[in-house]
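Notes follow once the structure below has been shown.
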2 protein chains.
Amino acid sequence: MNDVYRALSDPTRRKILELLKVREKSAGELADHFDMSKPAMSKHFTVLKSADLVYSRREGNQIYYGLNLSVLQEALMGLMQAFDLGKSGSKDSENS
Amino acid sequence: MNDVYRALSDPTRRKILELLKVREKSAGELADHFDMSKPAMSKHFTVLKSADLVYSRREGNQIYYGLNLSVLQEALMGLMQAFDLGKSGSKDSENS
DNA sequence: TAACTATTTAACTAAATGGTTAATTAGTCA
DNA sequence: TGACTAATTAACCATTTAGTTAAATAGTTA
């Protein structure tokens with residue numbers, strides 16, 4: 001779980017996760033969104049994978065990455081609970 | 001806000017925040033909970049302060065630290081919202 | 001002032017992080 | 001097989017991180 005928080009501390013990786021929230025994307029598609037070399041991106045993928053925040057799947061030539069939403073969810077819920085911030089908590093509270 | 005996520009990525013700092021959740025504590029009191037030198041702790045305090053996650057207040061000889069809960073709250077809510085994890089989110093959620 | 005306590009700052013170090021370019025692996029297709 | 005595409009791994013580098021010990025700062029108190 002510690003890997004998860006470290007993985008989340010980098011803005012590039014958070015952005016990658018947000019992109020994956022929409023749908024699976026190939027390494028190349030993801031890389032297109034950043035001003036950074038492919039190898040650098042690949043290392044970020046590795047970090048995200050070792051934190052289990054994403055999975056990968058080869059499809060022919062490409063490797064597709066997808067978000068493990070539940071892992072992210074549990075990490076954030078874990079923090080929320082550790083600080084008694086559960087359920088409510090937005091600035092202008094719970095408007096149903 | 002980026003400083004906040006970086007600050008949260010370290011387990012020692014997360015623990016410090018948890019200790020401060022209960023009540024304000026002096027630098028020394030906090031340090032007693034960790035197997036680490038005072039200067040090392042002091043640096044963690046500095047990181048937490050520059051992320052605005054804690055405030056500090058001198059009282060005579062000692063410096064008391066306290067949690068800025070709202071900053072932590074907003075950071076976590078920000079992540080939650082970025083990933084559409086708001087409101088619900090327990091393991092066995094509400095499947096419509 | 002001098003001694004004492006609490007904490008930070010300074011100077012240093014080893015390891016981790018985040019990036020680069022060059023080389024390699026894996027798969028497709030003529 | 002050979003050429004091509006997609007992505008990773010290897011080797012390297014500069015900066016940041018998280019710790020150390022020694023010195024400095026700030027406040028209290030005799």
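Every chain is numbered from 1, with letters handed out A, B, ... down the list of sequences. Because only heavy atoms are used, hydrogens play no part in the values below, and waters and symmetry mates are left out as well, while side chains stay in.
At the phosphate of D:dT16, neither OP1 nor OP2 sits under 4.0 Å from any side-chain N or O atom of B:Arg6. Listed pair A:Tyr65 / D:dA6 fails the phosphate criterion, with no side-chain N or O lying under 4.0 Å from OP1 or OP2.
Between B:Glu18 and B:Arg13, no side-chain nitrogen of the basic residue sits less than 4.0 Å from a carboxylate oxygen of the acidic one, so the salt-bridge criterion is not met.
DNA chain C is contacted by no residue of residues 12-21 of chain B, taking any non-hydrogen atom closer than 4.0 Å. Residues from residues 29-60 of chain A that place a heavy atom under 4.0 Å from any atom of DNA chain C, listed by number: A:Met36, A:Ser37, A:Pro39, A:Ala40, A:Lys43, A:His44, A:Arg58, A:Gly60.
The side-chain hydrogen bond (donor to acceptor under 3.5 Å, both in side chains) contacts involving residues 46-57 of chain A comprise A:Glu24-A:Tyr55, A:Glu24-A:Arg57, A:Lys49-A:Ser56, A:Asp52-A:Asn68, A:Arg57-A:Glu59, where partners must be two or more places apart or lie in separate chains.
Computed from coordinates, the A:Gln62 CD to D:dA6 P distance equals 7 Å when rounded to whole Å. To the nearest angstrom, C1' of D:dG27 lies 5 Å from CG of B:Asn61.
Judged as a ring pair (Phe, Tyr, Trp, His ring centres under 6.0 Å), and not counting sequence neighbours, B:Tyr64 has no contacts.
A donor-acceptor contact shorter than 3.5 Å links the side chain of A:Lys25 to the backbone of A:Leu19. In this structure a side-chain-to-backbone donor-acceptor pair under 3.5 Å is missing from B:Gln81 to B:Gly78.
Contact check for A:Phe34 versus A:Ile16: side-chain heavy atoms found under the 4.5 Å cut-off.
The distance from atom CG of A:Leu79 to atom CG of B:Leu17, rounded to the nearest 0.5 Å, is 9.5 Å. From B:Gln73, atom CD reaches atom CG of B:Leu67 across 10.0 Å, with rounding to the nearest 0.5 Å.
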Please tabulate, for the side chains in residues 2-9 of chain B, all donor-acceptor contacts under 3.5 angstrom to protein atoms that are two or more places apart in sequence or on a different chain.
from, atom 1, to, atom 2, distance (Å)
B:Asn2, OD1, A:Arg14, NH2, 3.1
B:Tyr5, OH, B:Ala75, O, 3.1
B:Ser9, OG, B:Arg6, O, 2.7

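Using a 4.0 Å cutoff to heavy atoms of chain A, the contacted part of DNA chain C runs 5' to 3' from C:dT17 to C:dT28.
Of all heavy-atom pairs spanning A:Leu72 and B:Leu85, the tightest one is CG-CD1, 4.2 Å.
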